[in-house]
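Presented below is the structure to which this report refers.
Worth knowing before you read on, the calculation uses all heavy atoms, side chains too, and leaves out hydrogens, waters and symmetry mates. What you see is a predicted model; the values in this text were computed from it and never measured. Chain naming here is simple, since letters A, B, ... match the order of the sequence lines and numbering starts at 1 in each.
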Amino acid sequence: MIQVPDKNGRFGSFGGRFVPETLMNALIELEEAYNKFSADPAFQKEVDYLLKQYSGRETPLYYAERLSKHLGEAKIYLKREDLNHTGAHKINNAIGQGILAKLMGKTKVIAETGAGQHGVATATVAALLGMECKVFMGEEDTRRQALNVFRMKLLGAEVIPVTSGSRTLKDAGNEALRYWVSNVEDTFYVLGSAVGPHPYPMMVRNFQRIIGDETRRQILEAEGRLPDLLVAAVGGGSNAIGMFYPFMEDEQVGMIGVEAAGKGVDTPFHAATMSKGTQGVFQGSLSYLLQDEHGQVQEAHSISAGLDYPGVGPEHSYLKDVHRAQYVPVTDDEALEALKLLCVTEGIIPALESAHAIAHVTKLGPTLTKDDIVVICLSGRGDKDVESIMAYTEGAGK
Amino acid sequence: MTTETTNRMDLTFRKLKEEGRTALIPFLTVGDPDLETTLAIIAELEAAGADILELGVPYSDPLADGPVIQRASSRALRGNIHLRTCMETALKARQAGSKLPFILFTYYNPVMQMGLDNFFSLLDAHEISGLIIPDLPVEESADMRERSRTAGVNLIPLVAPTSSERIARIVSGASGFVYCVSSLGVTGERSSFHTGVDEFIASVRQATDLPVAVGFGISTAEQVARFARICDGVVVGSAIVRKVEDVIPLLDNPATRSEGLLQIREFVAQLKP
């Protein structure tokens with residue numbers, strides 16, 4: 001594999017920095033600060049300390065024996081990112097960017113959020129570091145994820161409902177970028193996924209790679225060898241890239257990113273960017289994108305607010321095109337069935353996002369053999385989703 | 001700018017310089033509220049003394065725009081207005097007698113989807129003199145610059161108060177004019193500008209021989225006059241788009257349509273420096 005990204009933030013032809021000129025200096029300043037501090041052992045020590053003592057890392061790599069037996073012969077492990085403080089992998093990145101913001105002398109942070117997990121993680125870190133925090137969230141999502149809105153407010157953050165466009169994650173991202181353009185001199189934008197203009201996709205990946213680094217060590221300890229397959233949900237793709245990245249050179253390790261097919265990839269109601277998208281520029285980078293023939297970005301649909309996004313991180317587009325990773329769609333219904341299955345076989349309620357990854361493994365089940373080892377990234381816990389699951393199963397869902 | 005230029009925008013700036021005037025550059029979202037009205041508004045803007053016109057291509061995710069232009073974009077998109085339609089509108093305006101140089105203001109993605117070959121082959125035949133692509137910083141624009149030069153179209157660079165040492169690189173090899181962003185933030189009317197905006201514009205002037213224009217947030221005659229003293233062009237966008245929005249009920253009713261158009265003309269006429 002060639003080293004990605006290059007100095008212009010390109011992963012192959014993907015990525016880059018397609019933003020208004022007003023932001024360019026801020027992005028360059030951010031890149032320089034990140035390069036400087038990430039090479040500084042003191043920075044890494046502070047991040048590591050908080051990941052361990054505050055977030056509770058390392059997270060377990062749990063052998064899901066009952067799920068494995070239910071599905072067939074393969075051994076299925078779950079990387080328990082749901083056991084992080086705040087309930088998802090998002091805190092890994094929020095801690096990293098939060099400390100970076102502090103070292104850069106910024107006193108205010110902003111974030112976009114879909115399901116609310118990244119918003120909660122950022123609000124949490126802002127409280128911890130004594131910073132002012134504003135979270136942009138699509139109005140539709142504030143309704144779907146009311147509990148997380150309340151959580152962010154408890155943590156002292158201001159939640160700004162976004163009423164433009166489809167009122168979901170994509171619009172929250174637009175609004176956060178617009179706010180940042182206006183307040184770039186004292187505000188740090190804590191971007192939550194491996195998307196956006198360079199250096200975010202690289203930086204978020206590097207803050208999330210702890211998922212894969214730990215998994216590698218843990219599976220070698222448990223099994224004495226590397227897994228055959230890694231499976232992770234992909235919205236923007238931060239948990240997936242964090243899981244995949246440390247295995248990139250291990251050619252025997254397969255990688256599958258699972259995207260949201262909503263009501264089906266043949267309906268207009270999905271978020272299957274890799275399966276149905278084409279190359280385009282969106283929110284600062286070139287990647288696969290759900291768009292019409294005129295280049296207007298289309299609205300995505302998924303039961304999972306965290307996957308309800310028409311774009312995808314540029315490194316995933318690159319991995320798809322060089323055939324290092326495979327990307328597959330899973331529908332709302334399949335994800336819900338998988339969620340219920342994990343509840344009754346393992347006593348774990350996964351986030352709807354993570355349930356997509358589990359669903360794909362349930363489909364693979366019969367094709368796997370007793371020699372296969374599969375690791376699923378259980379990116380978050382499902383408490384936040386209980387209400388929308390209830391609504392959906394009672395037929396009141398969207 | 002070579003002396004034998006035939007680019008309509010370059011000729012306009014040359015003439016204005018001889019006359020010692022500053023260009024008034026209004027912005028319109030094409031297709032807001034519909035194409036026929038856009039053509040009628042273009043005629044009104046010309047009558048009101050506009051020197052150059054920015055034609056905004058509606059886009060689903062206009063990152064550099066504030067709420068006023070976002071709403072205008074949404075209205076236009078409901079009418080199925082796209083990049084190609086906007087180019088055709090420029091041509092129709094020309095055929096209807098407009099002498100204004102037209103600048104196409106579009107985000108990059110619609111251009112990319114049309115295909116750069118296709119896009120550049122259409123510009124000249126559609127009477128487009130310049131391009132503004134707000135999400136294409138100099139780092140990403142090498143190919144577009146080269147193609148613009150070949151096509152004889154000006155790719156107008158934006159410089160921001162935060163550009164500082166980037167200014168020299170951005171303006172080197174630019175054509176048409178240099179567009180100074182008056183303040184941090186998205187488009188939209190505002191009462192104050194970035195502190196140090198005058199020093200910023202002065203530093204841009206030092207870095208280039210091209211005409212220098214200013215935009216973002218300029219909405220009143222006083223503000224136009226303030227910047228006209230130090231710039232070769234002043235762009236007024238959201239304030240005009242808001243005026244259009246305000247008079248949509250008048251425009252929609254045949255009995256009051258001419259009154260609506262007149263209000264737009266009067267608004268723009270009083271901005272004239």
Side-chain angles (χ1 to χ4, degrees), chain A residues 6-10 13 15-29 31 162-166 170-171 173-187 196-198 278-287 289-299 310-311, chain B residues 57-67 70-71 73-74 77 80-86 106-115 133-142 157-167 169-170 179-181 183-188 190 194-195 216-217:
Chain A
D6 68 13
K7 67 175 172 45
N8 294 317
R10 294 289 185 140
S13 61
R17 272 178 296 214
F18 296 85
V19 294
E21 171 59 24
T22 310
L23 284 181
M24 283 305 292
N25 237 2
L27 290 172
I28 291 165
E29 185 182 90
E31 185 186 1
V162 174
T163 55
S164 57
S166 56
K170 124 182 143 75
D171 310 286
N174 287 345
E175 219 42 53
L177 277 167
R178 289 187 185 115
Y179 182 89
W180 197 35
V181 170
S182 310
N183 298 275
V184 66
E185 288 167 315
D186 64 356
T187 300
H198 180 61
T278 50
Q279 294 184 17
V281 165
F282 174 59
Q283 293 184 345
S285 64
L286 172 58
S287 197
L289 174 64
L290 296 177
Q291 60 183 329
D292 70 14
E293 63 194 292
H294 303 289
Q296 307 292 350
V297 180
Q298 287 174 325
E299 290 179 14
Chain B
V57 179
Y59 184 52
S60 56
D61 294 76
L63 266 188
D65 287 304
Q70 286 177 45
R71 288 198 300 270
S73 267
S74 305
L77 285 174
N80 223 20
I81 307 298
H82 300 294
L83 178 54
R84 185 68 189 253
T85 348
C86 295
T106 176
Y107 288 85
Y108 183 60
N109 197 46
V111 176
M112 183 185 165
Q113 301 313 316
M114 178 179 273
I133 305 182
D135 56 349
L136 200 69
V138 64
E139 282 81 353
E140 305 288 353
S141 70
L158 277 84
V159 288
T162 50
S163 297
S164 39
E165 69 272 18
R166 294 169 53 76
I167 293 174
R169 183 175 168 200
I170 294 170
Y179 190 139
C180 298
V181 176
S183 32
L184 302 180
V186 293
T187 59
R190 42 177 69 87
H194 195 258
T195 50
F216 279 48

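- Applying the side chain to side chain contact (heavy atoms under 4.5 Å, CB included) test to A:T163 and every residue at least two apart in sequence or in another chain returns A:E139, A:R167.
- Residue with the most contacts toward chain A among B:S163, B:S141, B:P67: B:S163 (heavy-atom pairs, distance under 4.5 Å).
- Both the backbone and the side chain of B:T162 come within less than 4.5 Å of a heavy atom in chain A.
- For the pair A:Q283 (side chain) and A:K170 (backbone), a donor-acceptor distance under 3.5 Å is present.
- Residue B:Y107 forms a side-chain hydrogen bond (donor to acceptor under 3.5 Å, both in side chains) with just one option from B:D65, B:D61, B:D135, and that option is B:D65.
- Smallest separation of non-hydrogen atoms from A:E21 and B:I170: OE2-CD1, 3.2 Å.
- Interface summary for chain A: among B:V186, B:L83, B:V138, the most heavy-atom pairs under 4.5 angstrom belong to B:V186.
- Using a cutoff of 4.0 Å between basic side-chain nitrogens and carboxylate oxygens, B:E139 and B:R166 are scored as salt-bridged.
- Between B:Y108 and A:F18, the ring-plane angle classifies as parallel under the 30° and 60° cut-offs.
- Scanning all heavy atoms of the two residues, the minimum distance from A:G165 to A:E299 falls at C-OE2, 4.3 Å.
- Heavy-atom distances place no part of B:I133 under 4.5 Å from chain A, backbone and side chain included.
- Residue B:M114 does not touch chain A at all, counting heavy-atom pairs closer than 4.5 Å.
- No part of A:Y179 comes within reach of chain B, as not one of its non-hydrogen atoms sits under 4.5 angstrom from that chain.
- Annotation: maximal heavy-atom pairing with chain A below 4.5 Å, among B:P62, B:P137, B:P110, occurs at B:P137.
- Looking at A:E293, only its backbone comes within 4.5 Å of chain B, counting heavy atoms on both sides.
- Residue with the most contacts toward chain A among B:S60, B:P58, B:P161, B:A160: B:S60 (heavy-atom pairs, distance under 4.5 Å).
- Contact of B:V111 with chain A is not made at all, since no heavy-atom distance falls under 4.5 Å.
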